[in-house]
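A, B, ... follow the sequence lines: proteins, then strands. Residue 1 opens every chain.
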Amino acid sequence: MSFDVETVRKDFPILSREVHGVPLVYLDSANSAQKPQVVIDAEADLYANHYANTARAVHTLGSEVTTAYEAARDKVAGFLNAPSRDEVIFTRNITEALNLLAYSFGNATWFPGAEKFRIGPGDEIVVTEMEHHSNLVPWQLLAQRTGATFRWIPIDDEGRLVDSAIDEVITERTRLVSFVYQSNALGTINPVQRIVARANAVGAYTIVDAAQAAPHLPLDVQALGADFVAFTGHKLYGPSGVGVLWGRYELLADLPPFLGGGEMIETVAMEGSTFAAPPSRFEAGTPMIAQAVALGTAVDYVTNLGITNIREHEKALTGYALEGLRGIPGVRIVGPRDNVDRGATISFTLAGVHPHDVAQLLDERGIAVRAGHHCARPVCVRYGVPATTRASFGVYTTLDEVDQLVQGVESVRRTFG
Amino acid sequence: MSFDVETVRKDFPILSREVHGVPLVYLDSANSAQKPQVVIDAEADLYANHYANTARAVHTLGSEVTTAYEAARDKVAGFLNAPSRDEVIFTRNITEALNLLAYSFGNATWFPGAEKFRIGPGDEIVVTEMEHHSNLVPWQLLAQRTGATFRWIPIDDEGRLVDSAIDEVITERTRLVSFVYQSNALGTINPVQRIVARANAVGAYTIVDAAQAAPHLPLDVQALGADFVAFTGHKLYGPSGVGVLWGRYELLADLPPFLGGGEMIETVAMEGSTFAAPPSRFEAGTPMIAQAVALGTAVDYVTNLGITNIREHEKALTGYALEGLRGIPGVRIVGPRDNVDRGATISFTLAGVHPHDVAQLLDERGIAVRAGHHCARPVCVRYGVPATTRASFGVYTTLDEVDQLVQGVESVRRTFG
Amino acid sequence: MSAPIDSMYQQIILDHYKNPSHHGLLDDFDAEVHHVNPTCGDEVTLRLKVKDGEITDLGWDGEGCSISQASTSVMSDLVVGKPVADALAVQQRFLELMQSRGQGELTDRDEEQLDDAVAFEGVSKYPARVKCALLGWMAMKSAVAEAGWADTEEVAG
Amino acid sequence: MSAPIDSMYQQIILDHYKNPSHHGLLDDFDAEVHHVNPTCGDEVTLRLKVKDGEITDLGWDGEGCSISQASTSVMSDLVVGKPVADALAVQQRFLELMQSRGQGELTDRDEEQLDDAVAFEGVSKYPARVKCALLGWMAMKSAVAEAGWADTEEVAG
Ligand SMILES: Cc1ncc(COP(=O)(O)O)c(C=O)c1O
Ligand SMILES: Cc1ncc(COP(=O)(O)O)c(C=O)c1O
């Protein structure tokens, strides 16, 4: 590990908190990550010293805030290795980014010049069985609106996509494939390039849900090769309320608008309106100004730690935790059991104890983990469990915290034994 | 005035800033308001001490943050005098709130059980000629999607709705009337109850854009009588990135969903999904957690000052400013000239000088005003001007600042004279 | 290594979870209801018999966390053999306790009335878990209504 | 009461705004373009004549703020009578100055080349106004291309 975790921890004020009289052990970063002081300060400083609305004012504050907002766009473009800053669209979260695409594709039905995005009866929309609801429901709804068929690539017992199904499910009828890079429920890292290659071969658009990948893996949109990639700020140590959609400029340029309103227009008349070029076309209304700026700070923070250092750090934690948890009688890992092609997120069940009870008892020891279906209910259905307990790690997680997790689960087992 | 403006000013850190070496005179609150320290602290405190994701975790931080988020909903419900807290939906901004309605009405075309919201050819959607683009473009797009007819109530030379047109334009064919309470471009306060009564008489749904009303006028949804009311947080001294949609529960209960994703579902299966009750149904994905909480703080702040005190304070400022500006040769007020049924927003032109030049020269004196079409281009078209200069006031604005504005405009006139 | 003294998981709760009372569905019943907690998926199916204004028997089956299962068990012990009015009164008191956010003051009378159910006091501090604790109680209330004994006033009067 | 010394509104700008050069459209021209700044609605229509690689005449009409109108006037003075290559070189230098965000260093050569246009240096500090200052210059560049003299290299060589 090329960064010192104890130094990193000092950047996060909440980590000095106690819970039930014991120090907080925060193992719920896949749900939402904690914020370093620099990110908190970035928002506060903007409000206290430079705040105004963006892009709409000629006065000094307006100019300062616009510069800060657009600088955040540059930072995100750099983080994603995007060919152009105009390909970076700020959204509320990744959920909005994915719905933006679903609605813009839907609007292609009637929007002039957008024929190439049209989807209708006979066409197929493909996702995977391990999607987060935010990358599943928008496409189910789009299929219902357009009459297209909704299909999915199944997962195997180890929590991986069934490889042969990739070629079977993605066919000449497929118009669009939207899939997760790293699963939030299983930890699985999917073969993005393999899927993109298959989709390209049949002429389907590709969308990558990088919500869980962004904080943990290098995210190079040119290397991934997909048409659209989205992530969410709050999991990347950024503030709540901001996310990002990246898309190829030549596609964004023809994609119909989603939300109508201020700043996304070219000209408005009562008789009809025309629309601005990307990214403005997709940023209707007053943006999440302070949040986008602070997301820029978060991107800097992560870049400074080094995403490969982070990956290395988390990989060590994951291997150690998998080993510890597998050693407890009754523990079943839901997802890849080995530390290969998987991220720092571990879902498990404990025989005879409901996941909510596991999580609650861990909380009484200061350990914060999540229990539930993690917004990926089909995964639970697939493995025949009502829910799982999930521990997930971040830049501030220590091996000692993993020890506490393992001891905690062992103690839960004995309480219910 | 029952509050002391000098005391209020101390709550806003940015007001001690200088611009071009002179103290900031911020007269652009209608664009976005400045933030009191308590609002800035509310976000920062949440991140530093209580942060986690909402509604998804059984651990202590998750429980604390959920409590804080839901308490903000209670505060907003109180602020709006909403019959039920479940009628309060957090959105990104009012632009999203209005688009949410436009898309949900659009989804009624195919959504089971939503027949009563269906709009199609032969139906009419009505707005006014003074709408902000955010309450105009979504309805133009909805009309295009559904084949409905888009109509509008015209405005007169003084910047008021043509009263007789209210009855002429809203007819038995009207399905939906969406209109602004207080115009951001003209300052006009519209007769909400008059319009709602007419719409009710013909069985049309009513939507009130209260973006400019919320910070300045009592906003009692029960007294207004409309079906839906929306506002935006950043104009109400709250953070950027959060807004509110209020709707009658019995309507929200049947309204189709908008964005699909986490937390808006009841149950998800690959074969199809069902949706949660309001407000969750309309809050897909991780919400603007810290922003909603801080909006709650902003609502408390405004409530403590007292909205009627604020109105009184701003009315005095507006009267004084109208008088001062009207006294300058070449100044034309665009909007109501008198201080009756109008808010603390004054648009004007100065003969022979472009509005951008007026604003820029005022900025050189530290005075921040906005120049442009204020996202209401049809208003400029109506009055045959390319743009206007707009000064707008807030709780922290002083009579002395109004003097500086008037002197500034006079000086611009002489510079170009 | 064990849970803290003020743990939500009182021994009484664990005992009821491991050995639930009135578990298993009745063959002879006046009403059946099925309740689900959509947030976490906990489920309970409950059947009961009412005779002359008294809950003469109750049986249930369920799936979920220890809080929902144990609470249903405790509820069953408390209401079987009681007049409907009394059962609903206990239900009401339990509901209030659960909604007290850890601020509930238990009088001696409460302790007597709620018996084992006082062990759930700690749950009220966790809004996310309150619904778990209430699941069986709400099901009982619905079942009573289903059986035609809804109106407390009337029954009590 | 007047604007500060470092005002964006240098006297030169105000003078050009009040008495614009080459204002009015030509009847005899090789190319016409119409440019609009969508952000603020400023417009310019520009016609020019090119003969033997030299801009022999140029006339324009427009609407908008003093920055866009004065800048177009200054540009006209600078390019009329110049070889296309030189005009485009000045245009390029002006563009750089505008994009310098107030950090542009003006050499003596720049001052000579840009002449009155140096008065717009202050505009570069205001991203929102840079497009205003560039409007006429961009129109000129387009018009030259339209007239068939796009490639600087070629023209210069
Ligand atoms: C009347 C009115 N409606 C809608 C809006 C849009 O608000 P927002 O940009 O916060 O969505 C504004 C302000 O910009 C407004 O003044
Ligand atoms: C894989 C994945 N996709 C999408 C989301 C949705 O993110 P958000 O709620 O920020 O929109 C999440 C997290 O909740 C996730 O883990």
Side-chain angles (χ1 to χ4, degrees), chain A residues 13-14 19 28 31-32 34-35 40 43-44 47-49 51-53 56-61 92-93 95-96 99 110 129 133-134 137-138 140-141 144-145 152 234 239-241 259-262 265 268-270 272-273 284-286 288-291 356 359-360 363 368 370-371 375 377-378, chain B residues 13-14 17 19 28 31-32 34-35 40 43-44 47-49 51-53 56-61 92-93 95-96 99 110 129 133-134 137-138 140-141 144-145 152 234 239-241 259-262 265 268-270 273 284-286 288-291 356 359-360 363 368 370-371 375 377-378:
Chain A
I14 207 170
V19 155
D28 197 20
N31 197 355
S32 198
Q34 296 299 344
K35 320 302 174 202
I40 302 175
E43 269 203 66
Y47 290 135
N49 298 304
Y51 184 78
N53 209 330
R56 303 180 177 196
V58 295
H59 55 66
T60 302
L61 291 177
R92 193 234 323 266
N93 50 23
T95 300
E96 195 204 0
N99 279 276
W110 58 271
E129 200 179 356
H133 295 164
S134 292
V137 181
Q140 286 182 331
L141 292 174
Q144 285 184 269
R145 281 201 299 278
W152 58 90
H234 66 94
S240 58
L259 304 184
I265 52 90
V268 172
M270 296 310 289
S273 305
T286 301
M288 310 63 55
I289 305 173
Q291 293 74 39
H356 283 141
Q360 194 85 57
D363 181 62
R370 186 171 172 193
C375 296
R377 191 175 163 276
Chain B
I14 207 169
R17 233 200 90 150
V19 154
D28 197 20
N31 196 355
S32 198
Q34 296 298 345
K35 320 302 174 203
I40 303 174
E43 269 203 67
Y47 290 136
N49 299 304
Y51 184 78
N53 210 329
R56 303 181 176 196
V58 295
H59 56 65
T60 301
L61 292 177
R92 192 236 320 269
N93 50 23
T95 300
E96 194 203 0
N99 279 276
W110 58 271
E129 199 178 357
H133 295 164
S134 293
V137 180
Q140 286 182 331
L141 292 174
Q144 286 183 268
R145 280 202 299 279
W152 58 90
H234 66 94
S240 57
L259 304 183
I265 52 89
V268 172
M270 297 309 290
S273 305
T286 301
M288 311 61 57
I289 305 173
Q291 294 74 40
H356 283 141
Q360 195 85 56
D363 180 62
R370 186 171 172 190
C375 296
R377 192 175 163 276

Hey, does the side chain of [X] reach the backbone of [Y] with a donor-acceptor pair shorter than 3.5 angstrom?
X	Y	answer
B/N93	A/T286	yes
A/T95	B/G261	no
A/S134	B/G262	yes
B/Y47	A/S240	yes

Per-residue contact mode, [X] against chain A (heavy atom under 4.5 angstrom):
X	result
B/V19	side chain
B/R17	side chain
B/L259	both

>> So for A/Q140, is it side chain, backbone, both, or neither that comes closer than 4.5 Å to the heavy atoms of chain B?
In response: side chain
Nearest 0.5 Å, please: how far is [atom2] in [Y] from [atom1] in [X]?
X	Y	atom1	atom2	value
A/R145	B/W110	CZ	CH2	6.5 Å
A/E96	B/E96	CD	CD	5.5 Å
B/R377	A/I265	CZ	CD1	8.0 Å
B/K35	A/Y51	NZ	OH	3.5 Å
A/C375	B/N53	SG	CG	8.5 Å
A/S273	B/H133	OG	NE2	7.0 Å

> Going by atom types alone, do A/D363 and B/T60 pair a side-chain donor with an acceptor below 3.5 Å?
Replying inline: yes
> Do you know which of A/L141, A/V137, A/I14, A/I289 has the most heavy-atom pairs with chain B at a distance under 4.5 angstrom?
Replying inline: A/I14
> Based on non-hydrogen pairs under 4.5 Å, which of B/V268, B/N49, B/I40 is most in contact with chain A?
Replying inline: B/V268
> Of the listed residues (B/G241, B/G260, B/P239), which shares the most heavy-atom pairs with chain A below a 4.5 Å separation?
Replying inline: B/G260
>> So if I apply the side chain to side chain contact (heavy atoms under 4.5 Å, CB included) rule between B/Q291 and each of A/M288, A/R92, A/E43, which one comes out positive?
In response: A/E43
